[in-house]
Number of protein chains: 2
Amino acid sequence: MPHAPDQLLLQLLAIFVSAKVAGELFERVRLPSVLGEILAGIALGPFAMDWINPSDTIHSVAEIGAIFVLFSAGLETSPQDLIRVGRKALVVAVAGVVVPFILGFAYMKWLGDATSEAIFVGAAMVATSVGITARVLGDLRVLATRTAKIILGAAVFDDILGMVLLAVVAGLASGGRLEWIHLGVLVVEAAAFAVFMIFVAPHIVRRIQPGMDRLSTQHAPLIVALALCLFLSWLSAKIGMAAIIGAFFAGLMFADYAPGWNLLPRVGGITEFLAPFFFFTIGSRLNLHLFAGNVLYAAIVISFLAIVSKVVGCGLPLWREGRLSALQVGVGMMPRGEVALIVALVGLRSQIVLPSTYAIVVFMTAVTTILAPPLLRYLFRGEMNAM
Amino acid sequence: MPHAPDQLLLQLLAIFVSAKVAGELFERVRLPSVLGEILAGIALGPFAMDWINPSDTIHSVAEIGAIFVLFSAGLETSPQDLIRVGRKALVVAVAGVVVPFILGFAYMKWLGDATSEAIFVGAAMVATSVGITARVLGDLRVLATRTAKIILGAAVFDDILGMVLLAVVAGLASGGRLEWIHLGVLVVEAAAFAVFMIFVAPHIVRRIQPGMDRLSTQHAPLIVALALCLFLSWLSAKIGMAAIIGAFFAGLMFADYAPGWNLLPRVGGITEFLAPFFFFTIGSRLNLHLFAGNVLYAAIVISFLAIVSKVVGCGLPLWREGRLSALQVGVGMMPRGEVALIVALVGLRSQIVLPSTYAIVVFMTAVTTILAPPLLRYLFRGEMNAM
C-alpha cells in the first residue's frame, strides 16, 4: 500500500475542503470559483506554505477529475446546436484561434524560446473557457441576447479547435520533437475524430438506445456512458492526443440523451467530487518564486496579448454590427480555462516546457478569467436593464 | 508520475467494463451483480488469468469506492426509522450477531487458529448485507410485509453492530495484539460514536440547513455532505476504527435531507463509478489456489455455520409467530456483503489474518449471497401471489 488509509483520506479531505472554501470565498466576491480552487493549491502547495504536498495518488485522482470536467462540459454541449449555429460563430471562433496563437507563438519566439515552447504557449492562448463564459452570461441573465449566443457558439467551436491544437501539442509531447509529417497526421487524425464524434457518434447512441432499456443492470445508460468516457479517453491518449479530448467527445455523444437518461446530476456529482483535486493540483504545481524579472514580465505581456488577441480577433468579424457588439463578443471570448491549463500541464509533465512557461500560462489564465466577469457586467449593462 | 496516463486509463477502463459486464450477466440469471464484479476480479486478477494486476492507484481508488458504498448505504437509511423500529428487529439483530460470532469464533479456535484470526472470522460473519437483502425483497415486491420490515430493520441494526465489531477488529489491526482494556475503550468509543451519529448528528444538520441555502457555491449541500463524509471517514480511521464506519454514519446524518437536497442521484453517480473498483479488487486479492484441502473444508464449514447461525439466531425470536415467518426472517438475514468483505480486507492488509482466512471469508460471503435470493423467492411465494 502506498498510503496508510488515513493519510490518503487526510489529503483528500484537506484538498477538497480548502479548494471548496476558497471557491466559496471567490464566488462571494463574484469571481469564478475555479480561481479560488487553483489559488488554494498555490497557497497550500509545496511552493508556498507547503502544508499539502499532493501524493502520486492525488495526482492520479486529479487526472480522472480533468476527464470528468471535460466529460461534463461535453454533456452540456448539444452537437445539434453546434451544427445549426451560424457561420458567424464559426468565423469568430477561427479568428479567435488564429490571432492568439500567432501572437503567442511570435512573442515567445521573439523572446528566444524554443519552437516547441512557443507552440505550447500559443496553443494555451487559443481556447475560451465555455464553462466560465456560460456561467457569467447566465449570472447576468443575458443568455438570450444575440451576442451571447454568438459568444457561446464560438466558445464551443474554439474549444474544439483548441482540442485539435492540444492533440498536436500532446503529439509533440509524446514524440519529443517537431516533425511536420507527424504533425499533419495528428491534425488529420484529430479533425477526423472531431467530425466523427460530432456527426456520426450521436446516431450510434440513438441506435443503441432501445437495447439500453433491455439491460438488467440498474443505471445502464450511466454505466454505458461512463464506460465510453473511459474508453474514448484511453483511445485519445493511445493515439497520441490528450485523454480529455476523448472525454469531451464522449460527453458530446451523449449530450442529446443526457436529460432523458438523467445523466447530468449523476455525472455532475462525480465531477463535483473529483474536479477540485484537478484544479488544486494545477495550483500546487505552480512555483511562485519563478515570478521574478523576465518571467513576470513575459507573463504580463502574454496576458496582455491573450486579452488583445481575443478582443481583436473575435471582435473584428462583428465590427460592422457596432462597436458594442464587437466588444461584447471579444471580451466574452477572453477567459481561458481548463483547456489552457491542461495544455500547460501536458507540456510540464512531459518536460517539453520549462516550469517558467507553465507559470506564464497559469498566470495568463488567472488574469483573463478575473478580468472578464466585471468587464462583461459593464458591457452588458444595457441589456441587463432592458430585460 | 506513477503511471503514464494511458496505463491508468487502461486499468480503469478494463476493470470498470469487466466488472459491469460480469455484473450484468449475474443480474440476468437473477444473482446479485456484486458477485459478478467480485468474480471478474478473481478471474482477471493476478491469481488466475493475470490480465489485470491492479496498481497502487487502483487500490486507492477502490478504498475511496468502499467509502462511497457505505456513504450511499447510510444515505438510504433513515435514523428516524431506526429509532422507531420495533424491539423485535433489535432482538433479531442482536441474536443474529451473537450466534454467528460465537459459532465462527469457536470453530476457528477449535481448528487451532490464533484468537485474532478467530475474532476476524467471527466479525465477518456478523453483518447482514442491507443492500442485497433490500434489493431482493424489492424485486419480489414483498417490502410491505411485516416480516420484510423486520428483516430490513434488523439488517440495519446488525450493520451497525457489525460496524462496532469492525471498530474492534480495526483496533486489533492497528494495535497488533489483543489488549482487553484497549478493546473496551474501542467498544465504548464505537458505541458512543454510533449513538452520537444516530441521535445527535441529524439535529446538527437540521440546524445548519438554513445557512446552507445562503452559500454562494452551487451544489452547497452536496459539497458539505461530501466534505463531512471525508472528514468522518478520516476521523474514524484516525481514532482506530475503519474509515467506512465514518462514511456510513455521515450518510445516516444526511439521510433525512437526501431527498430535499437531491443528494441520492449525485452521490449515487459517484458510487456507481467507484464501487466496481472496490469489488473488483476484493476478488483480485483472492488466491484461488488456496482452496485446497483444509482451507476448502474450513470454507465450506464456515459457510454452513454462517447460514445456520443466522437462520437459527434470527429465526428463534420469531418462532412463536410460526415456522414460515421465522424461516423468512432467518433466510432474509443470511446474505453477507460489503461489511464482511471489508472486515476481511482490513485483516488481510494489516497482515493480522492469513490469506487463507481472507479466502474463507470471501467464499462465505459468496455462498450466502448466492443462496439467499432463490430461497427467499421460495419462502415468499405465498405473499408474492397474494399481492
Side-chain angles (χ1 to χ4, degrees), chain A residues 1-6 8-10 12-14 16-17 20-21 23-28 30 33 55-61 63-64 67-68 215-220 222-224 226-227 230-231 233-238 242-243 246 262-263 265-270 272-274 276 349, chain B residues 1-6 8-10 12-13 16-17 20-21 23-28 30 33 55-61 63-64 67-68 135 215-220 222-224 226-227 230-231 233-238 242-243 246 262-263 265-270 272-274 276 349:
Chain A
M1 295 299 298
H3 291 279
D6 57 333
L8 171 61
L9 283 168
L10 185 59
L12 288 171
L13 173 67
F16 187 82
V17 171
K20 285 298 185 185
V21 168
E24 165 75 16
L25 293 177
F26 268 64
E27 296 252 322
R28 294 213 170 182
R30 305 187 134 220
S33 53
S55 66
D56 284 347
T57 303
I58 296 288
H59 281 298
S60 295
V61 171
E63 243 174 71
I64 308 173
I67 284 171
F68 275 95
L215 289 176
S216 308
T217 305
Q218 290 183 307
H219 319 297
L222 175 65
I223 291 163
V224 171
L226 288 175
L230 290 173
F231 171 70
S233 300
W234 167 77
L235 187 68
S236 290
K238 196 69 189 168
N262 197 23
L263 292 179
R266 295 183 292 170
V267 172
I270 304 176
E272 199 65 43
F273 176 55
L274 294 177
R349 277 210 330 236
Chain B
M1 297 297 299
H3 289 280
D6 57 332
L8 171 62
L9 282 168
L10 186 58
L12 288 171
L13 173 66
F16 187 81
V17 171
K20 285 300 185 183
V21 167
E24 165 74 16
L25 294 177
F26 268 63
E27 297 253 320
R28 295 215 167 179
R30 305 186 136 223
S33 54
S55 65
D56 284 347
T57 303
I58 296 289
H59 281 297
S60 295
V61 172
E63 243 173 69
I64 308 173
I67 283 171
F68 276 95
R135 183 79 177 277
L215 288 176
S216 308
T217 304
Q218 292 183 306
H219 319 299
L222 175 66
I223 290 163
V224 171
L226 289 175
L230 289 174
F231 170 69
S233 300
W234 167 77
L235 186 69
S236 291
K238 196 70 191 169
N262 198 25
L263 292 179
R266 295 184 291 171
V267 172
I270 304 175
E272 199 66 42
F273 176 55
L274 294 177
R349 278 212 326 236

So for F68(A), is it side chain, backbone, both, or neither that comes closer than 4.5 Å to the heavy atoms of chain B? side chain

First locate atom CG of L230(A), then atom CZ of F273(B), and finally report the distance between them rounded to the nearest 0.5 Å. 5.0 Å

Looking only at heavy atoms, what is the nearest atom pair of L222(B) and G269(A), with distance? CD2-CA, 4.2 Å

In Å, rounded to the nearest 0.5 Å, how long is the span from CG of L13(A) to CG of L235(B)? 10.0 Å

Chain B heavy atoms under 4.5 Å from L263(A): which part of the residue, side chain, backbone, both or neither? neither

Applying a strict 4.5 Å limit to non-hydrogen atoms, the region of V17(A) in contact with chain B is side chain

Roughly how far apart are L10(A) CG and K238(B) NZ, rounded to 0.5 Å? 7.0 Å

So how far is it from F231(A) CZ to L12(B) CG, rounded to the nearest 0.5 Å? 14.5 Å

Taking all non-hydrogen atoms of both residues into account, name the closest pair between S60(B) and T57(A) and its distance. CB-CG2, 3.4 Å

How far apart are the C-alpha atoms of I67(A) and L9(B), what are their side-chain angles, what is the distance that settles it, and do they pass the side-chain contact (heavy atoms from CB on, under 4.5 Å) test? CA-CA 10 Å; I67(A) 284 171; L9(B) 282 168; 3.3 Å; yes

